[in-house]
S.K.: 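Below is one structure. I have some questions about it.
What you see is a predicted model, and the numbers here were worked out from it, not measured in a lab.
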Amino acid sequence: FVGEIVIRFAAFERKRDCLKDGWFKFDSLLVLMMVVETVIMPVVSSGVALPTAPLRLLRLSRLSRLVRLVRQLPDLSVIMKGMAYSIRAVASSLVMAAILVYVFAIILHMLLKAEEDQKMSDQFRTLPRCMWT
């Protein structure tokens with residue numbers, strides 16, 4: 001992330017213009033918070049737990065980068081909506097497959113639990129083992 005900020009800073013023709021760009025300032029703040037949290041805080045605290053719980057709530061502001069990305073790429077929002085609509089169909093298919101596995105495991109258990117072959121009997125002894133087979 002630091003590299004991204006450096007590249008974006010280098011892209012400004014006049015370096016002072018970066019202070020006018022709200023998204024650049026926001027992203028720089030997020031990267032600064034990340035560097036402070038992962039590099040500076042462990043060195044400074046050195047075993048002493050500092051109360052950083054309120055600062056951890058600011059991590060949620062990182063999600064606003066995702067919102068910015070969705071606004072800039074409207075096709076991405078169409079894809080996300082399509083994925084949200086397909087959740088019901090995928091979940092229904094998953095439940096249907098689980099029911100089929102369960103039913104056939106019951107059938108296998110009934111047919112093979114009394115098998116004379118010890119190896120076969122051990123493999124289909126319980127219903128969960130039949131479902132995994």
S.K.: Is the count of non-hydrogen atoms from other residues, nucleotides or ligands lying under 6.0 Å from F12 atom CZ greater than 12?
M.R.: yes
S.K.: Less than 4.5 Å apart, side chain to side chain, heavy atoms only: is that true for I5 and F24?
M.R.: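 Side chain of I5 against side chain of F24, heavy atoms only: contact under 4.5 Å found.
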S.K.: State, with a plain yes or no, whether a side-chain heavy atom of V31 is found less than 4.5 Å away from one of E4.
M.R.: no
S.K.: Any idea which heavy atoms bring K25 and C18 closest together, and the distance?
M.R.: CG-O, 3.9 Å
S.K.: Do W23 and I7 sit in the same hydrophobic cluster, where Ile, Leu, Val, Met, Phe, Trp and Tyr count as joined when their side-chain heavy atoms come under 4.5 Å apart?
M.R.: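 In one cluster: no.
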S.K.: Rounded to the nearest 0.5 Å, what separation is found between the CD1 atom of I99 and the CG atom of L94?
M.R.: 10.0 Å
S.K.: Please answer: with hydrophobic residues joined when any side-chain heavy atoms are less than 4.5 Å apart, are V101 and M110 in the same cluster?
M.R.: yes
S.K.: Which pair of non-hydrogen atoms, one from K15 and one from A10, has the smallest distance, and what is that distance?
M.R.: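 In this case the closest contact between K15 and A10 is NZ-O, 3.1 Å.
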S.K.: Can you tell me how far CZ of R129 sits from CG of L127, rounded to the nearest 0.5 angstrom?
M.R.: 12.5 Å
S.K.: Would a hydrophobic clustering, with Ile, Leu, Val, Met, Phe, Trp and Tyr connected at side-chain separations under 4.5 Å, put L100 with V103?
M.R.: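 Looking at the clustering, V103 is in the same group as L100.
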S.K.: M34, F9: one ILVMFWY side-chain cluster at the under-4.5 Å cut-off?
M.R.: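 In one cluster with M34: F9, yes.
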S.K.: Under a 4.5 Å side-chain heavy-atom rule over Ile, Leu, Val, Met, Phe, Trp and Tyr, are L108 and F104 clustered together?
M.R.: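 Yes: a chain of side-chain contacts under 4.5 Å links L108 to F104.
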S.K.: Taking all non-hydrogen atoms of both residues into account, name the closest pair between A105 and C130 and its distance.
M.R.: O-CB, 3.6 Å
